[in-house]
**Q** 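So that we are looking at the same thing, I have put the structure below in structure tokens.
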Number of protein chains: 2
Amino acid sequence: MENFKQVPKATLHRYPIYLKALRKLKSEGIERVMSRELAEYVAIESTTIRRDFSFLGNLGKQGYGYNVNDLIRVFSEQLGMNFDEKIILIGCGNLGKALLNYNQWNHVVGEIVCAFDLAPEKVTGTSVPVYSMDEFALRKPEGCRIAILCISKDIQKTVDFLVDNGIFGIVSFASEHFTVPEHIIVKQIDVVSSIQELVFEANSVSENEGVKSNA
Amino acid sequence: MENFKQVPKATLHRYPIYLKALRKLKSEGIERVMSRELAEYVAIESTTIRRDFSFLGNLGKQGYGYNVNDLIRVFSEQLGMNFDEKIILIGCGNLGKALLNYNQWNHVVGEIVCAFDLAPEKVTGTSVPVYSMDEFALRKPEGCRIAILCISKDIQKTVDFLVDNGIFGIVSFASEHFTVPEHIIVKQIDVVSSIQELVFEANSVSENEGVKSNA
DNA sequence: ATCATCTTGTGAATTTGAAAACAAGTTCAG
DNA sequence: CTGAACTTGTTTTCAAATTCACAAGATGAT
């Protein structure tokens with residue numbers, strides 16, 4: 001957030017992985033970790049980890065390692081992770097409802113404040129209010145920047161609408177393809193594509209062995 | 001599948017994106033596409049696209065472009081995408097059931113043949129049979145290689161169990177961290193991490209503009 | 001049939017990312 | 001307090017991926 005020295009995209013992609021591992025370590029009561037330990041844990045070279053961390057400042061101590069709590073705090077502050085992102089969800093079908101009932105949002109990135117659906121009266125058993133899409137402008141929470149998309153029709157139209165209404169980050173579970181203006185950030189989540197990639201990878205390594213995998 | 005000339009990992013990651021876009025084009029009745037058009041559509045440089053395609057053979061014609069149907073067919077055949085992957089799903093909570101009811105599996109990668117749960121008798125309204133984990137060895141479909149993980153407890157134990165039972169590809173929706181042997185391929189799907197990454201990216205580009213985004 | 005106009009596929013160059021190597025600072029035992 | 005043993009952060013080296021640039025082949029209008 002302060003003086004970003006051009007953090008590489010590849011590094012940005014790994015931060016959530018580190019953060020998750022660090023939270024796990026913290027939950028196990030571990031307060032100190034060395035890059036080499038963490039490396040084994042997340043299957044990323046220790047040298048890569050140290051470099052990734054170095055973009056955020058001098059976080060470790062020679063001969064000691066890193067303090068887990070400090071790391072988590074720096075990640076949160078420096079990367080603008082303020083824990084209270086107001087997120088909205090569009091489309092309350094099976095998947096949408098499953099995400100709404102997912103209880104691990106708090107104190108991680110923020111929370112889903114409300115949801116929108118074409119037929120909100122048919123949606124029952126959710127812990128947050130569900131509004132009609134017609135009420136969007138009226139009901140959109142103050143400061144809301146991110147939307148989770150769980151619809152299967154009219155994707156492009158919906159995306160355009162969201163962008164026009166000030167959303168700049170979209171996490172999409174929609175399987176269909178869509179395009180956005182340059183300044184909008186999209187994260188696609190697609191089981192089918194993941195499985196395809198998995199199959200492609202499997203078939204391509206069967207030819208020449210040797211791939212390191214982890215989660 | 002035939003003679004893979006070391007397809008780069010980055011390329012492997014883009015194949016599903018192309019495939020999805022191509023299917024969309026096909027559904028719109030478009031039979032011919034040029035790398036430049038496709039580039040604008042998926043926000044990947046045309047030259048990158050041409051190189052990516054070149055790993056699978058000479059698929060295009062100079063002065064003409066690519067035939068959409070041919071491309072889709074080659075992708076499927078060459079990459080071992082045989083449309084009938086027998087997939088299993090572990091954990092039938094909200095999310096698991098949502099995935100089971102997702103109706104766009106057929107003719108894309110294969111299908112979810114059955115599911116497993118600790119308490120299968122409590123799971124209702126699914127279109128595929130749900131078995132107890134105790135019956136795993138007995139019920140696992142012949143030729144099944146891929147499992148979708150939708151559980152929130154005992155992740156590591158479950159993963160170890162699956163690996164011991166011949167699964168080598170895992171698509172995990174579990175938020176918790178786990179490790180696998182080297183030859184196992186894992187695709188993590190995690191809404192929270194995606195949102196984190198999105199926030200990180202947003203905050204880092206606000207400093208220096210200019211990022212191309214798409215879906 | 002011919003030619004101007006396209007578009008692919010690929011060597012070469014450039015940019016980007018990862019790994020190795022090491023200097024400098026910290027810890028902890030005695 | 002002293003020094004051996006560690007571990008970070010960064011410089012340098014190496015590898016991977018992307019982009020450039022262009023030759024070669026195809027098209028379609030005339």
Side-chain angles (χ1 to χ4, degrees), chain A residues 3-15 17-18 22 25 30-68 70-71 74 78 197 200-201 204-205 208 210-214, chain B residues 3-15 17-18 22 25 30-68 70-71 74 78 197 201 204-205 208 210-212 214:
Chain A
N3 48 346
F4 264 105
K5 310 156 193 166
Q6 246 337 6
V7 181
K9 222 177 170 178
T11 295
L12 233 35
H13 188 75
R14 283 189 293 266
Y15 281 150
I17 298 172
Y18 298 140
L22 289 168
L25 290 173
I30 296 170
E31 296 187 349
R32 165 186 169 180
V33 70
M34 294 174 294
S35 60
R36 191 130 60 90
E37 293 170 338
L38 195 55
E40 191 167 341
Y41 200 58
V42 299
I44 296 172
E45 288 291 326
S46 65
T47 181
T48 302
I49 292 178
R50 291 204 299 280
R51 150 120 30 177
D52 284 348
F53 286 6
S54 76
F55 290 110
L56 303 177
N58 290 18
L59 311 181
K61 278 187 199 168
Q62 286 104 325
Y64 172 87
Y66 300 87
N67 178 292
V68 173
D70 286 357
L71 276 184
V74 170
Q78 291 275 330
E197 207 182 322
F200 293 171
E201 224 172 280
S204 88
V205 295
N208 61 320
V211 156
K212 206 171 181 182
S213 182
N214 196 292
Chain B
N3 48 346
F4 264 105
K5 310 156 194 166
Q6 246 336 6
V7 180
K9 222 176 170 178
T11 296
L12 232 36
H13 189 74
R14 284 188 294 264
Y15 281 151
I17 298 172
Y18 299 140
L22 290 168
L25 290 173
I30 296 170
E31 296 187 347
R32 165 187 170 181
V33 70
M34 293 174 296
S35 61
R36 191 129 60 91
E37 293 170 338
L38 194 56
E40 191 167 340
Y41 200 57
V42 299
I44 296 172
E45 288 290 327
S46 65
T47 181
T48 302
I49 293 178
R50 291 204 299 279
R51 184 171 298 276
D52 283 347
F53 285 6
S54 77
F55 290 109
L56 302 178
N58 289 18
L59 311 181
K61 275 187 200 168
Q62 286 104 325
Y64 172 89
Y66 300 86
N67 178 291
V68 173
D70 285 358
L71 276 184
V74 170
Q78 291 274 330
E197 207 181 323
E201 223 173 278
S204 88
V205 295
N208 61 320
V211 156
K212 208 169 180 183
N214 197 292

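Residue numbers start from 1 in every chain, and the chains themselves are labelled A, B, ... in the order their sequence lines are given, proteins ahead of strands. Atom set for the values below is all heavy atoms of this structure, side chains included, hydrogens, waters and symmetry mates excluded.
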**Q** Considering every strand and a 4.0 Å limit on heavy-atom distances, what is the contact class for A:T48: base, sugar-phosphate, or nothing?
**A**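 A:T48: backbone/sugar contact only, no base atoms under 4.0 Å.
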
**Q** For B:D52 and D:dA17, what is the distance between atoms CG and C1' respectively, to the nearest whole Å?
**A**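 The answer, rounded to whole Å, is 10 Å.
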
**Q** For nucleotides 4-7 of chain D, which of its nitrogen or oxygen atoms have a protein nitrogen or oxygen under 3.5 Å away, and what is each distance?
**A**
| residue | atom | partner | partner atom | Å |
| --- | --- | --- | --- | --- |
| D:dT7 | OP2 | A:R36 | NH2 | 3.4 |
| D:dT7 | O4' | A:G63 | N | 2.8 |
| D:dT7 | O2 | A:G63 | N | 3.3 |

**Q** Below 3.5 Å is the cut-off: list the nitrogen or oxygen pairs between protein and nucleotides 14-16 of chain C, distance only.
**A**
none

**Q** For B:Y66, give me all partners under ring pair (Phe, Tyr, Trp, His ring centres under 6.0 Å), at least two apart in sequence or on another chain.
**A**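 Partners of B:Y66 under the ring pair (Phe, Tyr, Trp, His ring centres under 6.0 Å) test: B:F53.
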
**Q** Using whole Å, what does the distance between atom P of nucleotide C:dG17 and atom CG of A:L12 come to?
**A**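 Spelled out: CG on A:L12 to P on C:dG17 is 11 Å.
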
**Q** For the side chain of A:R51 and the base of D:dT8, is some donor closer than 3.5 Å to an acceptor across the two?
**A**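 No, the side chain and the base share no sub-3.5 Å donor-acceptor pair.
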
**Q** Rounded to the nearest Å, what distance is computed from the CG atom of residue A:L71 to the P atom of nucleotide D:dT8?
**A**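 Whole-Å distance recorded here is 10 Å.
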
**Q** Rounded to whole angstroms, how far apart are CZ on A:F53 and P on D:dT8?
**A**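 Value for this atom pair: 10 Å.
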
**Q** Apply side-chain contact (heavy atoms from CB on, under 4.5 Å) to A:E37 and list each qualifying residue two or more places apart in sequence or on a separate chain.
**A**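 Per chain and number, A:E37 pairs via side-chain contact (heavy atoms from CB on, under 4.5 Å) with A:V33, A:M34.
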
**Q** Apply salt bridge (Lys or Arg N to Asp or Glu O under 4.0 Å) to A:R14 and list each qualifying residue two or more places apart in sequence or on a separate chain.
**A**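 With sequence neighbours excluded, A:R14 shows a salt bridge (Lys or Arg N to Asp or Glu O under 4.0 Å) to A:D52, given in chain and number order.
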
**Q** Kindly give the heavy-atom pair with the smallest separation between A:V68 and A:L22, and that separation in Å.
**A**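 Shortest heavy-atom contact: CG1-O, 3.6 Å.
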
**Q** Could you state the atom-to-atom distance from CG of B:L59 to C1' of C:dT7 in whole Å?
**A**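 Taking CG of B:L59 and C1' of C:dT7, I get 14 Å after rounding.
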
**Q** Indicate the atoms forming the closest heavy-atom contact of B:I49 with B:S35, along with that distance.
**A**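 For B:I49 and B:S35, the tightest heavy-atom pair comes out as CD1-O, 3.9 Å.
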
**Q** List in chain and number order the residues that pass side chain to side chain donor-acceptor pair (under 3.5 Å) with A:D70, two or more places apart in sequence or in another chain; answer none if no residue qualifies.
**A**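 Checked A:D70 against side chain to side chain donor-acceptor pair (under 3.5 Å); matches are A:R73.
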
**Q** Rounded to whole angstroms, how far apart are CD on B:E45 and C1' on C:dT8?
**A**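 Nearest whole value for this atom pair: 16 Å.
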
**Q** Nearest whole Å is fine: how far is D:dT8 C1' from A:E37 CD?
**A**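 So the two atoms are 14 Å apart, to the nearest Å.
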
**Q** Report yes or no: does B:R32 contribute a side-chain atom to a donor-acceptor pair with the main-chain N or O of B:Y64 at less than 3.5 Å?
**A**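 Yes; at least one donor-acceptor contact below 3.5 Å.
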
**Q** Please identify each residue that fulfils side chain to side chain donor-acceptor pair (under 3.5 Å) with A:T48, with sequence neighbours left out.
**A**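 In terms of side chain to side chain donor-acceptor pair (under 3.5 Å), with neighbours along the sequence ignored, A:T48 is linked to no residue.
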
**Q** Just jot down the side chain to side chain donor-acceptor pair (under 3.5 Å) partners of A:R51, sequence neighbours excluded, or say none.
**A**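 Result, side chain to side chain donor-acceptor pair (under 3.5 Å) vs A:R51: none returned.
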
**Q** Rounded to the nearest angstrom, tell me the gap between atom NE2 in B:H13 and atom C1' in D:dA16.
**A**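 Distance check: B:H13 NE2 to D:dA16 C1' gives 16 Å.
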
